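Everything below concerns the one structure shown next.
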Amino acid sequence: MTEARTQRELIEESLGFLFEAELLEEIIEVGKVKSLESDQILLDTGDDLLYIPFILDGAIKVSRDRDEEELLLYYIESGDTCAMTLQCTVRKSVSEIRATTIEPSRILMIPIMYMEKWMSNYSSWRRYILESYHSRMTELIETVDAIAFMRLDERLEKYLVDQAKLKGSLEIKHTHQQIAEDLHSSRVVISRLLKQLETKGRIQLYRNRIVLSSI
DNA sequence: ACATTAAGTGATT
DNA sequence: AATCACTTAATGT
């Protein structure tokens, strides 16, 4: 009882400003809230796309992975959805990305069968989907730019700043190894570059922890 | 005290 | 910028 109430409130709070009341009711009706700890895989490469996930709170990173290699593509936060899953409106398919929680997160899962119906019935839904697609595309291009045109040290600094903004804290609790994986580099290289940034006074290094001097 | 894991570094490609 | 090989430091048992 109270469970359902809280869930309704949670959904209204996170998504209420996005959709008209009628659609919101439908969303509350058919959506299931999934709670995940930090560092859990929400969706993995090769998984069938059965649900559209909406991030209610927390944050998620979307990365490409081949064999054991990984590369961070972009983050999704509260109010966002994953563009990858949107293509299932057109065609039933499997995921080509991995979505991992980077904070304890609650995600609203909506079966994909509603996609098409809502597309034709609700203008707020159409607008949301198109805008969402657009902003994911923009972020993806930003990432491509970073890989193509920035040196690794610049990319690392951008990564740290992005992390800090995302968490709302200058403290980043990652190992050098984890950062290396996100940037698709090696631990040794990241350690060296971090050391340089520390010498320049941009950061302070500790075990499992990096503190940014400023954003 | 010991083992394990994270981080630092010189040398080489 | 990556890899190897090794050292040093921090942390858990």
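This is a predicted model, so every value here is computed, not measured. Below, chain A is the first sequence line, B the second, and so on; all start at residue 1.
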Pairwise salt bridge (Lys or Arg N to Asp or Glu O under 4.0 Å) hits with a residue in [range], at least two apart:
| range | result |
| --- | --- |
| residues 177-194 of chain A | A/K61-A/D182 |
| residues 124-135 of chain A | none |
| residues 17-27 of chain A | A/R8-A/E25, A/E26-A/K117 |

Could you give all pairs that pass the side chain to side chain donor-acceptor pair (under 3.5 Å) test and reach residues 102-111 of chain A, with sequence neighbours left out? A/D57-A/R106

Chain A contact limits on DNA chain B, taken 5' to 3' with a cut-off of 4.0 angstrom to heavy atoms: B/dT5 to B/dA11

Could you tell me from which nucleotide to which nucleotide of DNA chain C, 5' to 3', there is an atom under 4.0 Å from chain A heavy atoms? C/dA1 to C/dT11

Going by side-chain contact (heavy atoms from CB on, under 4.5 Å), name the residues that satisfy it together with A/D65, two or more places apart in sequence or in a different chain. A/D44, A/T45, A/E70, A/R98

Could you list by number each residue of residues 174-183 of chain A showing a heavy-atom separation from DNA chain B of less than 4.0 Å, or answer none if no residue does? A/T175, A/H176

Would you list the pairs meeting ring-ring contact (aromatic ring centres under 6.0 Å, His included) in which at least one residue belongs to residues 6-39 of chain A, sequence neighbours left out? A/F19-A/W125, A/F19-A/Y128

Could I get the full list of side-chain hydrogen bond (donor to acceptor under 3.5 Å, both in side chains) partners for A/Q40, not counting sequence neighbours? none

Residues that A/D162 engages under side-chain hydrogen bond (donor to acceptor under 3.5 Å, both in side chains), provided they are two or more places apart: A/K158

Side chain to side chain contact (heavy atoms under 4.5 Å, CB included) with A/L42: which of A/I60, A/I76, A/D47? A/I60

May I ask you to say what A/L205 touches in the nucleic acid, namely base, sugar-phosphate or nothing, with a heavy-atom cut-off under 4.0 Å? sugar-phosphate

Applying salt bridge (Lys or Arg N to Asp or Glu O under 4.0 Å), name anything that partners A/D153, two or more places apart in sequence or on another chain. A/R151

If each of A/R187 and A/L193 is mapped to the nucleotide of DNA chain C with the nearest heavy atom, which maps nearer the 5' terminus, i.e. the 5' end? A/L193

